Amino acid sequence: MSQVRVRFAPSPTGFFHIGSARTALFNWLYARHTGGKFILRIEDTDKERNSEAFLNVILDSMRWLGMDWDEGPEVGGPHGPYFQSQRTGLYRAKLKELADKGRAYEKDGAWWLRLEGARTQAHDEHLKRDYEKVDSPPMVLDDLVRGRVERAEDRDFVIFRSNGEPVFHFVNVVDDIEMKITHVIRGEDHLSNTSKHVELFKAFGVEPPKYAHIPLILKTDGPGKMSKRDKGALIEEYQQRRYLPSAVRNYLCLLGWTPADGKEVLPIAEIVRQFELKDVHQSNARFDERKMSHVNALTLRGLPAAEFAALARPILAEAGVIDASVSDARLAEVLGIVQEKVVSLEHLPEFMGFFFSAEFRKDEGALANLTKKGGDPAARVRELLPALEAAEWSEPALEAAFAAVGAAHGRKPTDYFAPARFAVSGQGGGAHLLGVLRVLGRDATLARLRAYAS
Ligand code: GLU
């Protein structure tokens, strides 16, 4: 088979949302899986609605997600320019080609594609006009995702408007021909356009590409399609919230595709290896921000410690939690217990600031939980203190000290965990407590417990 050539063809008329990112990604995955080419083509014919700023957001987000393109803006390629706004001459020439063949004609100032087939006069109540109805056999499409789709165009349609601007269907097909696209992978919302596109391919005498219409992404609750206005819809948002691009990308892969063995968090090379269009789901995907955040947490956990530290240091420095005087070794100690628990890099300063300063924020909600039903956290800390003062500073020894205090006072050792955690960190949760005490160190821990108990 000839080399696979796929394209992502965004219109820069709005922010880059997860639906577009997922379409781009499935194209990219398929190109990388097959050793083919991934082309980025900018469909910017709508002069009023396109903007340079939106284009930059798209390019930026694609780079952030690691979707490199083989042909397109900035990298060029043999079929450029890759901006439709710069291809007007080509579209006019292709229109002429159809007109010369008798397959395009002018009416009311617009140019129409003439369908093949038997023509009968018809009247359209809705449009209140007469037109020629065409009896042509329905197009049968073997969509690589949807399976067999039948659809017929039964009337000629406009390909160049009376204002001289080409219509989306026309430029889309002309470019897919010129750029030698073999597979069109796009959102299911374009399925209804496909019969027009196939008619255009036939008019040009070109074999249409294979189509794969991928499922819609529904919003978290309810039946509707995820829109740009829904929370969590924009890729930029994840960038700003310091999600790992590899985690966002991993999550996007799961919107309409499942790895064969069900293991959902996996390296991109493995996804590329497994990705087949036939495995893309027919049913709609549902966006789930909690799952996205879970994938992010698992991805963070899986990072090599040095890589995690390299990401963490600038974030902590920017938040004023650490300065250059904090050694790599000390930072590594703290991160060593934090990495498995923190859900997002965004939370790191809040999550671990107390290791570096005794002036930490006290979580009122956590305190309320502690004192609920008459609990007295300060009393628990007072009971705990002597045992910790006497303990050797290791996790097993600290664990034994908690157990001994519990036994002595007729309580569970864990009754002491939350008060101790709150006293040293002001928090109701976080990294494993014994690890926190070990890494915080004997002096700081005892000083904070004493201050709290008094
Ligand atoms: N510019 C179209 C869009 O953004 C491209 C459709 C296609 O992939 O064919 O929806």
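Since this is a predicted model, take the numbers as computed values, not measurements. We're numbering straight along the sequence, starting at 1. We count ligands from 1, going down the list as the structure has it; atoms in each ligand are counted the same way.
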List for me each residue that meets side chain to side chain contact (heavy atoms under 4.5 Å, CB included) alongside A203, sequence neighbours excluded, and say none if there are none.
->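 Per chain and number, A203 pairs via side chain to side chain contact (heavy atoms under 4.5 Å, CB included) with L98, R103, L113.
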Which atom pairs, donor and acceptor, lie under 3.5 Å between side-chain atoms of residues 344-352 and protein residues at least two apart or in another chain?
unit_1	atom_1	unit_2	atom_2	d
S344	OG	E346	N	3.1
E350	OE2	R361	NE	3.1
E350	OE2	R361	NH2	3.1

Could you label the plane-to-plane angle of the F54 and F15 rings as parallel, tilted or perpendicular, counting under 30° as parallel and over 60° as perpendicular?
->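 Geometry flag for F15 against F54: perpendicular rings.
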In terms of ring plane angle, is the pair F170 and F204 parallel, tilted or perpendicular, where the classes change at 30° and 60°?
->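 Tilted.
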Taking only residues two or more places apart in sequence, or in another chain, which ones meet D175 in a side-chain hydrogen bond (donor to acceptor under 3.5 Å, both in side chains)?
->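 Per chain and number, D175 pairs via side-chain hydrogen bond (donor to acceptor under 3.5 Å, both in side chains) with Q84, R87, Y91.
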Would you mind listing each N/O atom of ligand 1 next to any protein N/O under 3.5 Å, plus the distance?
unit_1	atom_1	unit_2	atom_2	d
ligand 1	1 (N)	A9	O	2.8
ligand 1	1 (N)	S11	OG	3.1
ligand 1	1 (N)	E43	OE1	2.6
ligand 1	4 (O)	A9	O	3.4
ligand 1	8 (O)	R7	NH1	2.7
ligand 1	9 (O)	R7	NH2	2.7
ligand 1	9 (O)	N172	ND2	3.0
ligand 1	9 (O)	R186	NH1	2.8
ligand 1	10 (O)	H190	NE2	2.6

Do the numbers put K291 on top of the ring of Y251, so that NZ or CZ is under 6.0 Å from the six-membered ring centre and no more than 45° off the axis?
->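 Cation-pi check for K291 and Y251: fails.
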